[in-house]
Amino acid sequence: MRAETFTKLLNSEFFTGVPDSQLSPFCSYLMNTCGVGGRHIIAANEGNAAALAAGYHLATGKTPVVYLQNSGIGNIVNPLASLLNEKVYGIPCIFVVGWRGEPGVHDELQHVYQGEVTLRLLEDMQVSCFVVRGDTTPGQLAAKLEEFKPLLQRGKQVAFVIAKGALEYSEKFRPGDAGSMLREELIRRVTAASEEDIVISTTGKTSRELFELRKAAGQPHKYDFLTVGSMGHSSSIALGLALQKPSRRVWCIDGDGAALMHMGAMALIGQSAPRNLIHILINNAAHESVGGLPTVAGGMDWVKIAEGCGYPFAASASDYEELERALKAARERGTLCFIEAKCAAEARADLGRPTSTPKDNKEELMAYLASRP
């Protein structure tokens, strides 16, 4: 089904959510027709989107649309149960959910279990669902929307779960760039600076590039924890590890979209102030791994944010020379450090994926940690 047709049939004037590769046609259509503003807001996380949708309904009495990958269902459980639910405020909402890890459809391991429980989770939250597939017709979608109308009028929520390949749109959205550095080269320089230290990398292409860089350099993967799921939590993983291993330096390679998703983590890191943690934020001002829709990170002063959270050292790098100076300073200071690295929103077309499993990655890292207390 064409993304244009799908969007128009939803008959809503307000859209908010977190981009997803499965929903890329839908998201690109929204960007190319609505941009970002009063009708369309790219949220920091899915719970944030649900709350924005509630505010829109309070102001207009109309039904909003919230879009998300199914991995973000966990972030909407609280506002679904304690804000939107008809037993509380009864705020209607249409969810558009990208179904990664659908049973019987090959996907990456981090999506498999989430895919298995997607429909059950929504049903447990009393959200009526309809799966949109490649052969779903506009007439079938319109009929289901008509069936859902009484539920929405009662202040309930419904969901259209989007299967792989269900939507299409020919005009891809081209993201802007926050800087000129290439993320893969940036990561290569971080691994050179980190030597045999521990590296925690955020989900998406960052972890994929780190894996391939180690492989190309003939280096072992035992130094790294590749956060293949749990977007926004790599810095907290790094904090938990750094606090328990104070004699081991830990580098966290974070992303702007991930950091925005759970910004409270930076406040906790700053107040915990582990001297052995170096937090690097790769800022391309885009959700580049899932289609390139923009984040608000390009207009933020991350150095001031880090300083406000309590990081003793914070710097920003716009080119490789500034990056090298910041990496050297971070190594020499022996204190909690933050480095923002501004880069382009692009990656190699032939970028691969880790060939080891997440459990293999975990066990190899833990064995390395145990071998050198």
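Just so we're clear, the structure is a prediction, and the values are computed from it rather than from any experiment.
- Residue D301 qualifies as enclosed at atom CG: its count of foreign heavy atoms under 6.0 Å is above 12.
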(Q) I'd like to know whether R120 forms a salt bridge (Lys or Arg N to Asp or Glu O under 4.0 Å) with E123, so could you lay out the CA-CA distance, the side-chain angles of the two residues, the decisive distance to 0.1 Å, and finally the verdict. (A) CA-CA 5 Å; R120 189 160 72 245; E123 289 163 2; over 6 Å; no
Q: Take N283 and E340, measure what side-chain hydrogen bond (donor to acceptor under 3.5 Å, both in side chains) needs, and give me the verdict at the end.
A: CA-CA 7 Å; N283 184 5; E340 175 198 22; 2.9 Å; yes
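- When each of T355, V228, D224, L351 is paired with F211, the side-chain contact (heavy atoms from CB on, under 4.5 Å) condition holds for T355 and for no other.
- Taking the side chain as every heavy atom from C-beta outward, I42 and P19 approach each other to under 4.5 Å.
- Between E209 and R348 there is no salt bridge, since no side-chain nitrogen of the basic residue lies less than 4.0 Å from a carboxylate oxygen of the acidic one.
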Q.
Quick one, M31 with H40, criterion side chain to side chain contact (heavy atoms under 4.5 Å, CB included). Give me CA distance, side-chain angles, the key distance, then yes/no.
A. CA-CA 8 Å; M31 280 302 302; H40 176 221; 3.7 Å; yes
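- Note that the OG1 atom of T206 and the CD1 atom of I187 stand 4.5 Å from one another [nearest 0.5 Å].
- Centroid-to-centroid, the aromatic rings of Y67 and F26 come within less than 6.0 Å.
- Annotation: cation-pi geometry not satisfied between R39 and F14 (NZ/CZ under 6.0 angstrom from ring centroid, within 45° of ring axis).
- No donor-acceptor contact under 3.5 angstrom links the side chains of N361 and S356, judged on distance only.
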**Q.** Working for side-chain hydrogen bond (donor to acceptor under 3.5 Å, both in side chains), residues R100 and S21
**A.** CA-CA 9 Å; R100 296 297 303 271; S21 55; 3.2 Å; yes
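- Ion pairing between a basic and an acidic side chain is recognised when a charged N comes within 4.0 Å of a carboxylate O; E4 and K8 show no such pairing.
- Hydrophobic clustering of Ile, Leu, Val, Met, Phe, Trp and Tyr side chains at less than 4.5 Å, counting indirect connections, unites W302 with L239.
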Q: List the steps and the verdict of side-chain hydrogen bond (donor to acceptor under 3.5 Å, both in side chains) for D254 and H279.
A: CA-CA 7 Å; D254 211 349; H279 187 181; 2.9 Å; yes
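- One N or O on the side chain of E212 and one on the backbone of G352 form a donor-acceptor pair closer than 3.5 Å.
- In this structure, R249 contributes its side chain and N276 its backbone to no donor-acceptor pair below 3.5 Å.
- Here CE of M125 is found 5.0 Å from CG of L80. Values are rounded to the nearest 0.5 Å.
- Once rounded to the nearest 0.5 Å, the distance linking NZ of K156 with CG of L84 reads 11.5 Å.
- Taken together through direct or relayed side-chain contacts under 4.5 Å among Ile, Leu, Val, Met, Phe, Trp and Tyr, F95 and F130 form parts of separate hydrophobic clusters.
- One distance of note links CH2 of W99 with CD of Q22; it measures 10.0 Å at 0.5 Å rounding.
- A 4.5 Å side-chain heavy-atom check between I162 and V97 finds every atom pair outside the cut-off.
- Under 4.0 Å is where a charged nitrogen must lie from a carboxylate oxygen, and between E307 and K304 no such pair does.
- Counting heavy atoms of neighbouring residues, nucleotides and ligands inside a 6.0 Å radius, atom CE of M263 exceeds 12 of them.
- No continuous path of hydrophobic side-chain contacts links I94 to V77 [ILVMFWY only; heavy atoms under 4.5 Å].
- With ring centers used as reference points, F313 lies 6.0 Å or more from F338.
- With a 4.5 Å cut-off on side-chain heavy atoms, N48 and N75 do not count as touching.
- For E147 and K144, the salt-bridge test passes: some basic side-chain N is under 4.0 Å from an acidic carboxylate O.
- A salt bridge is absent between E102 and K164: the closest approach of a Lys/Arg side-chain nitrogen to an acidic carboxylate oxygen does not fall below 4.0 angstrom.
- Between I339 and L281 the shortest side-chain heavy-atom distance does not fall below 4.5 Å.
- Using a 4.0 Å cut-off between a side-chain N of Lys or Arg and a carboxylate O of Asp or Glu, E184 and R208 do not qualify as a salt bridge.
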**Q.** Criterion salt bridge (Lys or Arg N to Asp or Glu O under 4.0 Å) on E332 and K328, from CA distance to verdict
**A.** CA-CA 6 Å; E332 293 175 350; K328 184 175 184 293; 2.6 Å; yes
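- Under the 4.5 Å side-chain heavy-atom criterion for grouping Ile, Leu, Val, Met, Phe, Trp and Tyr, V131 is not connected to L23 through any hydrophobic cluster.
- Checked against a 6.0 Å centroid threshold, the rings of F160 and F148 count as neighbours.
- For the atom pair CH2 (W251) and SG (C337), the distance works out to 8.5 Å, reported to the nearest 0.5 Å.
- Nearest heavy-atom pair, V199 versus S194, reported as atom, atom and distance to 0.1 Å: CG2-OG, 3.7 Å.
- Hydrophobic clustering, with ILVMFWY side chains joined whenever heavy atoms are under 4.5 angstrom apart, groups M181 together with L327.
- Residue E322 holds its CD atom at 8.5 Å from NZ of K342, rounded to the nearest 0.5 Å.
- Residues L83 and N85 form no side-chain contact, since every pair of their non-hydrogen atoms from C-beta on lies 4.5 Å or further apart.
- For the pair I282 and I253, the tightest heavy-atom approach, listed with the atom from each and the gap, is CD1-CG2, 3.4 Å.
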Q: Mind running side-chain hydrogen bond (donor to acceptor under 3.5 Å, both in side chains) on S207 and S201 for me, showing each step along the way?
A: CA-CA 5 Å; S207 283; S201 58; 2.6 Å; yes
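- You'll find the side chain of Q69 stays beyond 4.5 Å of the side chain of V18, heavy atoms only.
- No donor-acceptor pair under 3.5 Å is formed between the side chain of E346 and the backbone N or O of L182.
- Annotation for M231 and A258: closest pair CE-N, 3.7 Å, computed over non-hydrogen atoms.
- Using a 4.0 Å cut-off between a side-chain N of Lys or Arg and a carboxylate O of Asp or Glu, R331 and D197 qualify as a salt bridge.
- Proximity of T5 to L9: side-chain heavy atoms (C-beta onward) are separated by under 4.5 Å at one or more points.
- Checked for salt-bridge contact, R325 and E321 meet the test: a charged N lies under 4.0 Å from a carboxylate O.
- Comment: E364 does not engage K222 in a salt bridge, judged by the lack of any side-chain N to carboxylate O separation of less than 4.0 angstrom.
- The minimum heavy-atom distance linking V303 with A315 is given by the pair CG2-C, 3.6 Å.
- Closest approach of T16 and I41 over heavy atoms only: OG1-O, 2.8 Å.
- Salt-bridge annotation for K149 and E146: present, with a side-chain N of the basic residue lying under 4.0 Å from a carboxylate O of the acidic one.
- The shortest heavy-atom contact between C27 and D20 is SG-N, 4.3 Å.
- When side chains are defined from C-beta on, R2 does not count as touching T7, because their heavy atoms never get closer than 4.5 Å.
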